[in-house]
Every structure is written in structure tokens, then in C-alpha cells.
A.B. asks: 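Could you have a look at this structure, given as C-alpha cells, before my questions?
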Amino acid sequence: MFRPYRHIVDIIRDLVWKALQKCKIDFDKDNIKVEETRSRIYGDFFTTVAFSVAKKYFGEKFRENAVSLAERIASKINKIKPSIIACVRAENGYINFFLDRGLFAKFVIEGISHEWEKYGVFTSKRRKIIVEHTSANPIHPLHIGHARNAFIGDCLARINQFIGNEVSRRFYVNDCGRQVAVLMYGLRKLKNLRSNGVKLDHLCGAVYSCTASLLEANKNLKKLMRIVGTFRNTLRKSISKEKHHSFVMETLIRSIALGQDEIAQKIKAIVGDSHEVASVVQEIENLIKNVKISFEILSSVASKWPRIYYRLNLRIDSNADTHIRRIMQRYERGDRETVSYIRETVSRILGAIINTLKILHITFDAFDWESDLIWKGLVESITNELVKRGYAYRDSETGALFLNVQKILTDFPEMREFYFEGKNRTIKIENVKNPVLIRRDGTSLYLLRDIAYAYYKLQSLKVDVSINVIGVDQKLEQKHVVLALRALGIKDVLSRYKHVAYELIRLPGRKMSSRRGQYVSLDEIVIEAIRRAYEEITHRCERLSNEQKYALAKEIAIGAIKYALLSQAPTKVITFDWKRVLDFEQNSGPFIQYAHARAASILRKISWKIPDKCDLSLLKTPEEFEVIYKLSKFPEVLEEVIGTHRPDLLVEYTNELAMLFNKFYQKHPVLKAENEELKKARLMLVATFRRVIATAMKLLGITPLYRM
RNA sequence: GGGCCCGUGAUGUAGUAGGAUAGCAUGAGGGCUUGCGGAGCCCUUUGUCGCGGGUUCGAAUCCCGCCGGGCCCA
């Protein structure tokens with residue numbers, strides 16, 4: 001383990017602490033904050049410890065004391081400092097540290113070359129870890145929302161593996177939900193459906209969207225009809241006194257239903273605005289809005305997949321819901337025919353999904369089927385255990401089985417802060433709502449199966465930590481999972497089960513939805529990106545063969561897509577934009593690949609024979625120093641990424657590193673350096689840079705390119 | 001109605017365990033190449049850090065209230 005940045009910070013902290021002691025000032029060493037300066041005019045590191053001390057010991061005359069204190073500390077440090085710190089200056093209460101750039105260069109580059117491809121590993125602890133990610137419903141193609149999930153999960157898995165953890169990448173196959181049953185129902189209605197060369201996940205996605213949209217539209221229509229009936233009665237009652245003709249009511253209903261707002265307004269004016277009438281009108285208007293939306297969706301789905309849509313439209317049953325529920329029940333029960341049909345279909349769709357991910361260099365170690373958890377009896381035993389321990393109860397009124405979150409929060413105080421996120425003063429435990437685990441009709445909810453799965457991962461697979469990349473919309477549900485695990489006796493659940501929440505990707509103006517067929521599929525993005533990259537390459541390198549060009553274009557395209565999606569903090573909502581995803585300019589995947597290729601090109605010219613001995617302390621120019629300084633922070637960045645689950649920090653780091661290298665490259669010749677010694681030292685710097693950025697890129701899942 | 005997240009130049013963003021002149025990219029304008037690969041580099045331009053209070057020597061950062069967007073639960 002080599003952590004140069006941290007090493008220097010420790011040295012400085014130690015110096016400051018010793019100086020404080022000499023000044024007879026008592027101050028906790030861990031509270032001495034040493035940071036990187038924002039601008040080099042203030043040196044390379046600084047500390048504000050003088051302010052903290054002044055605040056602690058002198059309330060008034062604060063400023064004077066801080067300033068003079070900083071000066072005293074600085075002069076003390078100057079007497080005892082090691083040679084790697086060139087000088088220490090007090091300015092305005094700040095204490096600034098200037099490195100000896102030559103010694104620093106030697107220290108950092110020698111250290112890195114000792115570790116080489118292992119540089120960046122910041123811990124020696126070995127742990128068994130699961131990273132569960134993507135876990136998309138196996139009924140439609142992946143869209144960019146899933147891509148964000150996959151990239152975050154894959155990056156975290158890669159880093160964990162890199163630092164020496166035993167990592168298992170898992171995909172949770174959600175095959176017991178209603179969605180799968182809906183798809184199966186649709187497929188059955190479309191016997192002998194031909195794929196015509198369409199990838200299976202895309203074909204099934206179309207069937208699913210069409211089926212689900214039709215079902216939703218029917219449901220909304222039925223609801224509307226029902227309420228219109230009620231509305232008539234209400235109106236009759238409230239208007240009869242005024243002896244309006246029923247003709248008026250009919251016209252009102254029709255005008256609302258047809259969206260003739262003006263007419264509706266006029267009639268409402270005549271009828272009058274009793275509360276009763278107003279609320280029913282409101283309800284009808286909402287329902288009509290829903291019906292309208294349903295039909296808009298239907299028309300968009302129909303125009304996308306006319307063949308499937310029209311065939312389905314003719315064949316769908318009026319009681320389709322019953323059929324679907326029956327499919328679910330048969331599957332859960334293990335009915336042989338249903339099982340083999342669903343298993344086979346889902347496996348094939350899953351295969352198509354895996355293919356998409358494989359192109360993006362994302363693979364899995366295991367697929368955990370939801371149905372297996374049920375068939376093995378795990379869900380049942382978890383339920384029994386929760387009941388036995390008194391954390392699940394049957395509600396006499398509703399007949400449903402609830403998870404007793406209130407009791408868990410009462411019994412385990414440490415879970416309160418987690419659940420309320422620090423703001424436990426405003427909410428009371430008795431106001432918390434207990435979630436349902438099993439409905440009255442005996443069907444279980446996702447929550448229960450998710451609890452079983454989480455329990456399985458931690459206890460049966462015996463891992464230290466389970467990292468779960470799941471959208472923020474699941475936040476509450478994930479909290480319930482953690483609470484349930486605590487109730488089941490896992491005491492250290494808070495440190496072992498991590499929900500990595502990421503925001504969803506939106507289409508301009510609306511949410512992405514597989515159910516409604518509104519999405520941009522990952523496959524089409526990949527294809528388009530490769531096409532763009534291929535075009536670009538054709539302009540640049542004419543000599544390459546078509547296969548070589550294609551292979552390069554593929555890696556560049558993948559780099560661009562991954563970069564675009566990983567570069568933003570997971571907490572931010574991304575609105576999808578082709579321009580951003582296909583950006584090959586600066587601050588992009590290809591940009592860092594280009595920097596790597598430039599360094600590789602230099603090294604290729606010396607046949608990769610990196611000088612073994614050279615005077616690294618010759619590397620003193622600002623451009624050289626900045627690259628080295630950035631290199632020294634690599635392990636710290638990885639630690640931060642692991643601690644916060646934020647791959648965007650690594651993306652940012654890599655981009656900055658590439659930028660600094662480009663600046664160095666532009667200004668200082670390497671192979672044509674002023675003298676032989678300097679050339680060797682710069683070659684060493686280039687080799688070290690290439691090594692570190694290659695590691696960083698691999699951790700992001702972006703392929704380092706040697707030519708492009 | 002209750003809770004969580006986000007709000008930073010025209011656009012997309014970094015910085016939020018308080019610290020110096022708010023960093024970067026895109027866009028726009030100008031310049032650099034017979035080269036260690038120009039998918040690059042340099043310069044110019046654009047900010048009431050959503051709004052209003054408060055705490056502090058010091059606030060984009062912490063506290064309170066509001067506004068806008070997203071999500072979850074009703």
C-alpha cells in the first residue's frame with residue numbers, strides 16, 4: 001500500500017501538532033485539518049488550525065490572535081521540517097506548506113513504480129462482497145435507466161475487486177411479478193409470433209408494452225363508466241329539487257367526457273356548484289384525463305408496433321386480469337407446464353439482456369431467481385420467523401400481514417436515526433406506517449420477497465457486505481428491508497446492507513416507462529454511438545482495416561456512453577440527451593482514451609523500455625508537478641468512491657488527470673528533451689501516468705486504447 | 001397533507017464534516033501545428049451559488065422559513 005498524498009498530509013499534521021505542543025497549546029491531533037490549496041500561490045497544502053485554536057482559546061481579538069499564532073506555528077515548523085517540505089509560510093492566519101517539487105516527484109514516482117498495477121489499493125482488509133445491480137425485469141430490453149444502474153454497479157464491483165475484496169456480481173431475476181405474467185399472457189394471445197430478426201428482448205418488450213397499455217386503457221375506461229353511473233345518481237338527487245331536465249345532466253357528462261370544456265363550464269354554471277357536484281365533477285375529470293393518457297399511449301404503442309398491437313387488441317379478454325392472476329398463482333405453486341414455459345421464455349430474454357451487457361464489458365457471477373426463493377420455502381420461513389419474533393402481525397380488520405416497523409423502531413433505538421435520517425424530532429414512531437407483507441388473498445408483496453433475498457445474501461451466502469444498486473424510488477422499501485433484517489437478528493445490518501440509490505433518467509418532459517413503451521433502448525444507443533465513432537475514425541485513420549476500425553469504434557463508443565452516464569453524481573436526475581451521450585470532445589470518454597493513447601504512443605517509440613534509473617528530482621516545472629500531485633491522490637479518490645458509492649468522483653479525477661497530462665504534453669517535449677537525464681525522467685513520468693490512468697479507466701470499465 | 005433528493009455563468013456540472021480570488025466543460029470569439037498523434041493546447045467572454053432571514057472573525061457549504069423541479073408515502 002502506497003498512499004503518497006496521505007503520507008504527506010500525515011507528515012504535515014504531525015509537524016503542526018508538534019509545533020502546537022511547543023507553543024504549549026493543547027489541541028487534538030485528529031482535528032488538525034490539512035487540505036490541498038485551491039491555488040498554488042498559497043502553496044501546495046494548507047491548514048486553518050490557527051483559526052480553530054484562536055476560536056477555542058481567545059474569543060475576542062480573534063483575528064489578531066489567529067494571525068500571530070499562525071506565524072508562531074510556522075516559524076516553529078520551519079525549524080523541524082523534513083526536506084520534502086521546502087518551506088512553511090503564515091499568511092493571514094493560514095499556514096501554507098510548499099513542497100520541494102524535486103523530492104516530491106522522486107517520492108511519488110518511485111513509490112508508484114514499486115507498486116505499479118497495484119497502485120491505488122488503499123487497504124489490506126479482505127472482505128467478501130456482493131454487488132447486486134441492474135436486476136431489470138426480464139421482459140423488455142434494457143434502456144438507459146438500466147444502463148446507469150449497470151455502470152454504477154459494475155464500477156463499484158471493479159473497484160472492490162481491485163482493492164482485494166472477493167466480489168460476487170449478482171442479478172436478481174424478478175420472475176414472479178405481475179409484469180412477467182402480463183407478458184406471458186400477451187405471448188399466449190399471439191401464438192406463432194414471428195420475430196422477423198428482431199432481438200428477443202425488443203420483441204417481448206413490444207408485446208409487454210402493448211399488452212400492458214391495453215389492459216391499463218381498459219381498466220381506466222371501466223372506472224370511468226362506473227363513476228359516470230354514480231355521477232348520474234348524484235346529480236339527479238341534488239338537482240331534482242330545482243327540476244332540471246335529465247337532458248342537462250346527460251349533456252354535462254357527455255361534454256366533460258368529450259373534452260368540450262366550454263360547454264361543460266356553461267352547464268355547470270346553470271346546474272350550480274354544490275360541493276357534492278363539484279367533487280364528483282373533479283373525479284370524473286381526473287378519470288377522463290387518465291383515459292385520454294391511456295389512449296395517447298395506445299396510439300403511440302400502436303404506431304410503434306402495429307402488427308403486435310392490432311392482433312392483441314382483437315384477442316385480449318375482457319377478464320384478462322383473472323387470467324393473469326391465474327398465471328401468477330400457477331407459477332408460484334410450481335405448476336409444471338407454467339414453470340417450464342415461463343422459465344424458458346424468461347431465460348431466453350435474459351440471454352438477450354446479457355448480450356447487451358456483454359458488449360459493454362459487464363458480466364455477472366450469478367443470477368438469483370425470485371421464484372427459487374419462493375419454491376425453496378425461504379420466503380415462507382422468513383415470514384414465520386418474523387411472526388414468531390413478533391415483528392409481523394395479522395391485521396384483523398384488513399386480514400393482511402403487516403411488518404411491524406413501529407415495534408422494530410421501538411425495540412432497536414439504533415435503527416431510528418437510520419430510518420428518520422437524523423430528523424427524528426418531527427416524526428413520532430406512532431405515526432409511522434407499517435407496510436403490508438402479504439395481502440388478504442394470500443399473495444405476497446415485493447417487499448417480503450426482497451427481505452427474503454436480502455437475508456439470503458447476507459446469511460446463506462455469508463458475505464460481509466451486500467451492495468445493492470437500486471433506484472431512489474425504492475428508498476422507503478429498502479429501509480423496510482433493513483429494518484426487517486434487524487428484526488430477524490442481524491445486528492450489524494446497517495454496515496452490511498447498503499442501498500446505493502441513484503436517480504432515474506428522464507426523457508425530455510416525461511418519465512421513462514417500459515410499461516408504456518416510452519424508452520430509449522440501450523441497444524439503439526450503443527449502435528448509434530458506434531456508428532458515430534466509426535465515422536470519426538474513418539476520417540482520421542484511413543490505413544486501418546474495417547474490422548480494426550469497427551473494434552476501435554466500439555471501444556470509443558462504449559467509453560463515451562459510460563463516461564456520460566457515470567460522470568454525474570447518482571443523486572442527480574439526468575434528462576436524456578443524445579448530444580451528451582455521443583460527445584467525443586473534451587470531458588468525455590474518448591478524451592481520456594486519447595490522453596492514454598498519446599502517452600502510449602511515446603512509450604511505443606522507445607519500445608516500452610522504461611529507464612530503470614534516472615534522476616526524478618529533475619521534474620520541477622509546474623506542469624510536471626501538477627501531474628505528479630494528481631497521481632499522488634489516486635488511492636484517496638478510490639477510498640472516497642468506495643465510501644460514498646460515487647463513481648462520478650473517479651470519472652472527474654480521471655478527466656482532470658488527462659487534462660493535466662495534455663497540458664504537460666503540449667508544453668514539454670519528452671523524446672526531444674533538453675538533455676538525456678531529463679528525457680529519462682520525463683519518460684518515467686509518462687510511463688507512470690499511463691499506468692495510473694489505465695488502472696483508473698479499467699475501474700470505470702472504459703478500455704484504454706493504444707491507438708485511435 | 002407528511003418525508004427524501006436536487007436547484008451554482010446561455011447550457012451541463014464540481015465544490016456542501018465552514019476558510020483565501022466559486023473550479024471544469026460545452027457554447028461564442030481569437031490564436032497555436034512541416035508534430036513525442038490538433039479527438040489537443042493557450043487567450044477572451046458570461047455567475048445576485050433559487051429567494052429571504054439567522055449563527056460566525058469568515059457561509060455555495062451550518063440553522064430556520066419560503067419558491068421551483070423530481071421521487072416516495074397518503
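Note on naming: letters A, B, ... go to the chains in the order of the sequence lines (proteins, then strands), and numbering restarts at 1 for each one. Computed over heavy atoms, backbone and side chain alike; hydrogens, waters and symmetry mates excluded.
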A.B. asks: Among Asp615(A), Leu616(A), Leu618(A), find the residue that satisfies the side-chain contact (heavy atoms from CB on, under 4.5 Å) test when tested with Met684(A).
C.D. replies: Leu616(A)
A.B. asks: At 4.0 Å (heavy atoms only), tell me whether Tyr706(A) reaches a base, stays on the sugar-phosphate, or touches nothing.
C.D. replies: base
A.B. asks: What do the steps show when you test Asp30(A) against Trp17(A) for side chain to side chain contact (heavy atoms under 4.5 Å, CB included), and what is the final call?
C.D. replies: CA-CA 9 Å; Asp30(A) 295 334; Trp17(A) 186 67; over 6 Å; no
A.B. asks: Students often get this wrong, so: under 4.0 angstrom with heavy atoms, is Ala673(A) touching a base, only sugar-phosphate, or nothing?
C.D. replies: nothing
A.B. asks: Side chains of Thr37(A) and Arg40(A): any donor to acceptor distance under 3.5 Å?
C.D. replies: yes
A.B. asks: Determine the Euclidean distance between corresponding C1' atoms of rC41(B) and rA25(B); express it in Å to zero decimal places.
C.D. replies: 15 Å
A.B. asks: Strictly by modelled atom types, are Asn434(A) and Tyr393(A) linked by a side-chain donor-acceptor pair under 3.5 Å?
C.D. replies: yes
A.B. asks: Pick the P atom in rG12(B) and in rA74(B), then give their distance to the nearest Å.
C.D. replies: 33 Å
A.B. asks: What dot-bracket string describes RNA chain B from 5' to 3', counting Watson-Crick and G-U wobble pairs whose defining distances are under 3.5 Å, with [ ] for crossing pairs and | for pairs to another strand?
C.D. replies: (((((((..((((.....[...))))((((((.......))))))....(((((..]....)))))))))))).
A.B. asks: Suppose you measure atom C1' in rG23(B) against the same atom in rU16(B); what distance do you get, rounded to whole Å?
C.D. replies: 14 Å
A.B. asks: Would you call the rings of Phe412(A) and Tyr391(A) parallel, tilted or perpendicular if under 30° counts as parallel and over 60° as perpendicular?
C.D. replies: tilted
A.B. asks: Of all the heavy-atom pairs spanning His499(A) and Gly471(A), show the shortest one and how long it is.
C.D. replies: NE2-O, 3.5 Å
A.B. asks: Is it true that Arg532(A) and Glu536(A) make a salt bridge, defined as a side-chain N closer than 4.0 Å to a carboxylate O?
C.D. replies: no
A.B. asks: Honestly, is Arg449(A) close enough over Tyr446(A), meaning NZ or CZ under 6.0 Å from the six-membered ring centre and within 45° of the axis?
C.D. replies: yes
A.B. asks: Of the candidate nucleotides rA20(B), rC4(B), rC36(B), which contains the atom at the shortest distance from the side chain of Phe46(A)?
C.D. replies: rA20(B)
A.B. asks: Can you find a side chain N or O atom of Ser601(A) that sits less than 4.0 Å from OP1 or OP2 on rG37(B)?
C.D. replies: yes
A.B. asks: With respect to the phosphate group of rG19(B), does any side-chain polar atom (N or O) of Arg38(A) fall under 4.0 Å of OP1 or OP2?
C.D. replies: no
A.B. asks: Is the base of rA39(B) stacked against the aromatic ring of Phe584(A), taking ring centres under 5.5 Å apart and planes under 30° as the test?
C.D. replies: no
A.B. asks: Determine whether a donor-acceptor pair (one donor, one acceptor, N or O, separation below 3.5 Å) exists between the side chain of Asn96(A) and the base of rA20(B).
C.D. replies: yes
A.B. asks: Can you classify the ring geometry of Phe664(A) versus Phe661(A) as parallel (below 30°), tilted (30 to 60°) or perpendicular (above 60°)?
C.D. replies: tilted
A.B. asks: Quick one: which protein N/O atoms are closer than 3.5 Å to N/O atoms of nucleotides 72-74 of chain B? Pair and distance per line, please.
C.D. replies:
from	atom 1	to	atom 2	distance (Å)
rA74(B)	OP1	Lys433(A)	NZ	2.9

A.B. asks: Classify Arg707(A) by what it touches in the nucleic acid, base, sugar-phosphate, or nothing, heavy-atom distance under 4.0 Å.
C.D. replies: base
A.B. asks: Can you tell me, in whole Å, how much space there is between the C1' of rG54(B) and that of rU8(B)?
C.D. replies: 22 Å
A.B. asks: Rounded to whole Å, how long is the line connecting atom CD of Glu652(A) with atom C1' of rU13(B)?
C.D. replies: 9 Å
A.B. asks: Taking the same atom, P, in rC66(B) and in rG27(B), what whole-Å distance lies between them?
C.D. replies: 41 Å
A.B. asks: Provide the distance between the two C1' atoms, one in rU46(B) and one in rG9(B), to the nearest whole Å.
C.D. replies: 5 Å
A.B. asks: Applying a 4.0 Å non-hydrogen cut-off, can you work out what Arg646(A) is touching in the nucleic acid: base, sugar-phosphate, or nothing?
C.D. replies: sugar-phosphate
A.B. asks: With the side chain of Gln568(A) defined as its heavy atoms from C-beta on, choose the nearest nucleotide among rU56(B), rC4(B), rG12(B).
C.D. replies: rG12(B)
A.B. asks: Could you tell me if Glu623(A) and His668(A) have a donor-acceptor pair between their side chains, going purely by distance under 3.5 Å?
C.D. replies: yes
A.B. asks: To the nearest angstrom, how far is Glu430(A) atom CD from rG2(B) atom P?
C.D. replies: 17 Å
A.B. asks: Students often get this wrong, so: under 4.0 angstrom with heavy atoms, is Lys33(A) touching a base, only sugar-phosphate, or nothing?
C.D. replies: sugar-phosphate
A.B. asks: What is the separation between atom CG on Leu649(A) and atom P on rG15(B), rounded to the nearest whole Å?
C.D. replies: 6 Å
A.B. asks: Starting at CG of Asn655(A) and ending at P of rA25(B), how long is that distance when rounded to a whole Å?
C.D. replies: 9 Å
A.B. asks: Using a distance-only test with no angle check, is there a side-chain donor-acceptor pair under 3.5 angstrom linking Glu36(A) and Tyr5(A)?
C.D. replies: no
A.B. asks: Please state how far atom CD1 in Ile574(A) lies from atom C1' in rC71(B), giving the value in whole angstrom units.
C.D. replies: 15 Å
A.B. asks: Please classify the nucleic acid contact of His668(A) as base, sugar-phosphate, or nothing, using heavy-atom distances under 4.0 Å.
C.D. replies: base
A.B. asks: By centroid distance (under 5.5 Å) and plane angle (under 30°), are Tyr594(A) and rG40(B) in a stacked arrangement?
C.D. replies: no
A.B. asks: Between Glu636(A) and Lys633(A), does any NZ, NE, NH1 or NH2 come within less than 4.0 Å of an OD or OE carboxylate oxygen?
C.D. replies: no
A.B. asks: Ignoring hydrogens and geometry, is there a side-chain-to-backbone donor-acceptor pair from Arg646(A) to Val641(A) under 3.5 Å?
C.D. replies: no
A.B. asks: Provide, to the nearest angstrom, the distance between the CG atom belonging to Asp648(A) and the P atom belonging to rU16(B).
C.D. replies: 12 Å
A.B. asks: Considering only side-chain heavy atoms of Arg506(A), which listed nucleotide, rC71(B), rC24(B), rA39(B), is closest?
C.D. replies: rC71(B)
A.B. asks: For nucleotides rG52(B) and rG15(B), find the distance between their P atoms and express it as a whole number of Å.
C.D. replies: 25 Å
A.B. asks: Regarding Tyr653(A) and Asp648(A), do their side chains bring together a donor and an acceptor under 3.5 Å, going by distance alone?
C.D. replies: no
A.B. asks: Do we see a donor-acceptor contact under 3.5 Å between the side chains of Asn587(A) and Tyr563(A)?
C.D. replies: yes
A.B. asks: Base, sugar-phosphate or nothing for Phe591(A)? Non-hydrogen atoms, less than 4.0 Å.
C.D. replies: sugar-phosphate
A.B. asks: Taking atom P in both rU61(B) and rU48(B), what distance in whole Å separates the two?
C.D. replies: 16 Å
A.B. asks: From C-beta outward on Tyr665(A), which listed nucleotide comes closest to its side chain: rC36(B), rG18(B), rG15(B)?
C.D. replies: rC36(B)
A.B. asks: So does Lys605(A) get a side-chain nitrogen or oxygen closer than 4.0 Å to the phosphate oxygens (OP1/OP2) of rG37(B)?
C.D. replies: yes
A.B. asks: Taking any heavy-atom pair under 4.0 Å as a contact, classify Ile41(A): base, sugar-phosphate, or nothing.
C.D. replies: base
A.B. asks: Quick one: is rA39(B) close enough that its OP1 or OP2 comes under 4.0 Å of any side-chain N or O from Arg598(A)?
C.D. replies: no
A.B. asks: When you get a sec, tell me which of rG37(B), rC41(B), rC36(B) is the closest nucleotide to the side chain of Arg604(A)?
C.D. replies: rG37(B)
A.B. asks: Distances under 3.5 Å between protein N/O atoms and the N/O atoms of nucleotides 7-10 of chain B, please, pair by pair.
C.D. replies:
from	atom 1	to	atom 2	distance (Å)
rG7(B)	OP1	Lys572(A)	NZ	3.1

A.B. asks: With respect to the side chain of Met659(A), which nucleotide from rC41(B), rC36(B), rA14(B) is positioned closest?
C.D. replies: rC41(B)
A.B. asks: Counting only side-chain heavy atoms from C-beta out, which of rC36(B), rC41(B), rA39(B) sits nearest to Glu536(A)?
C.D. replies: rA39(B)
A.B. asks: Among the candidates rA39(B), rC6(B), rG18(B), find the nucleotide nearest to the side-chain atoms of Thr571(A).
C.D. replies: rC6(B)
